[in-house]
Amino acid sequence: LAIKYNSIFVSTGEVNFSSDGKGVFEIPGGERIMSRVTGMGCALGSVMATFVTVTDPLTSVFCALEIFSEVSRKAYSKHKGVGSFKVGFLDELYALGEGCG
């Protein structure tokens with residue numbers, strides 16, 4: 001798909017995969033609860049799109065996937081329910097930017 005559409009391909013799950021058509025990259029996935037929380041994929045896409053404004057697409061995808069995996073682990077260590085996890089995830093994501101600007 002990456003070659004056919006001249007883009008970056010991403011597949012998320014227990015292991016996240018991304019490809020630029022030249023190589024395939026594996027990144028450990030986030031917490032399993034993420035698949036049960038509405039809006040996680042949309043949020044990931046938004047972060048990827050934001051990162052593309054400052055670096056190349058493949059680096060953007062890699063960094064966004066890494067951040068989401070780490071943030072999900074932090075949030076899940078404190079919040080086990082889907083509702084509280086979603087709020088906890090957003091809080092942890094927000095905390096990454098505290099002190100910036």
Side-chain angles (χ1 to χ4, degrees):
L1 289 174
I3 293 170
K4 182 176 180 177
Y5 293 105
N6 190 31
S7 62
I8 304 295
F9 174 80
V10 177
S11 175
T12 59
E14 285 186 40
V15 177
N16 298 316
F17 296 95
S18 62
S19 177
D20 60 358
K22 298 174 188 147
V24 176
F25 306 92
E26 294 181 33
I27 301 161
E31 292 293 333
R32 294 181 71 183
I33 195 171
M34 293 172 77
S35 67
R36 294 177 174 86
V37 179
T38 302
M40 296 304 296
C42 295
L44 176 60
S46 296
V47 171
M48 288 177 184
T50 301
F51 287 1
V52 164
T53 66
V54 294
T55 191
D56 66 276
L58 189 58
T59 301
S60 299
V61 165
F62 181 83
C63 290
L65 290 169
E66 282 284 325
I67 285 170
F68 263 55
S69 291
E70 180 62 27
V71 167
S72 75
R73 284 188 281 281
K74 286 182 179 181
Y76 192 69
S77 72
K78 302 171 192 171
H79 309 281
K80 305 294 186 193
V82 293
S84 60
F85 174 82
K86 185 172 187 173
V87 171
F89 182 90
L90 292 174
D91 288 345
E92 294 292 339
L93 192 59
Y94 176 80
L96 292 175
E98 286 186 332
C100 296

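For clarity, every value in this text was computed on a predicted model and none was experimentally measured.
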Quick one: salt bridge (charged side-chain N to carboxylate O under 4.0 Å, His left out) partners of Glu66, sequence neighbours excluded?
->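 Per chain and number, Glu66 pairs via salt bridge (charged side-chain N to carboxylate O under 4.0 Å, His left out) with no residue.
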
At their closest point, which heavy atom of [X] faces which heavy atom of [Y], and how far apart are they?
{"X": "Thr53", "Y": "Thr50", "value": "OG1-O, 2.5 Å"}
{"X": "Gly21", "Y": "Ala2", "value": "N-CB, 3.5 Å"}
{"X": "Gly30", "Y": "Ser69", "value": "N-OG, 3.5 Å"}
{"X": "Ala75", "Y": "Gly88", "value": "CB-C, 3.7 Å"}
{"X": "Lys86", "Y": "Thr38", "value": "NZ-O, 2.8 Å"}

Calculate, to the nearest 0.5 Å, the distance between atoms [atom1] and [atom2] belonging to [X] and [Y] respectively.
{"X": "Leu65", "Y": "Phe25", "atom1": "CG", "atom2": "CZ", "value": "12.0 Å"}
{"X": "Glu92", "Y": "Arg73", "atom1": "CD", "atom2": "CZ", "value": "12.0 Å"}
{"X": "Phe62", "Y": "Asn16", "atom1": "CZ", "atom2": "CG", "value": "10.5 Å"}
{"X": "Phe85", "Y": "Leu90", "atom1": "CZ", "atom2": "CG", "value": "9.0 Å"}
{"X": "Lys74", "Y": "Leu93", "atom1": "NZ", "atom2": "CG", "value": "10.5 Å"}
{"X": "Ser72", "Y": "Ile67", "atom1": "OG", "atom2": "CD1", "value": "12.0 Å"}

Q) Same cluster for Leu44 and Val87 if Ile/Leu/Val/Met/Phe/Trp/Tyr side chains link at under 4.5 Å? A)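 As far as the 4.5 Å side-chain criterion goes, Val87 and Leu44 are not connected within one cluster.
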
Starting from Leu1, can I reach Ile27 by hopping between I/L/V/M/F/W/Y residues whose side chains sit under 4.5 Å apart?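 Per the 4.5 Å side-chain linkage, Ile27 and Leu1 are not co-clustered.
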
Quiz prompt | Test: Lys80 cationic atom under 6.0 Å from Tyr76 six-membered ring centre, within 45° of axis | solution =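 That pair qualifies as a cation-pi contact.
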
Going through the checks in order, is the side chain to side chain contact (heavy atoms under 4.5 Å, CB included) test met by Val24 and Phe9? CA-CA 9 Å; Val24 176; Phe9 174 80; over 6 Å; no

Check: Can you find a pair of side-chain heavy atoms, one from Met48 and one from Val10, that are under 4.5 Å apart?
Finding: yes

### Task
Walk me through it: do Met34 and Thr12 pass the test side chain to side chain contact (heavy atoms under 4.5 Å, CB included)?
CA-CA 10 Å; Met34 293 172 77; Thr12 59; over 6 Å; no

Problem - Phe89 ring center near Phe68 ring center (under 6.0 Å) - result: yes

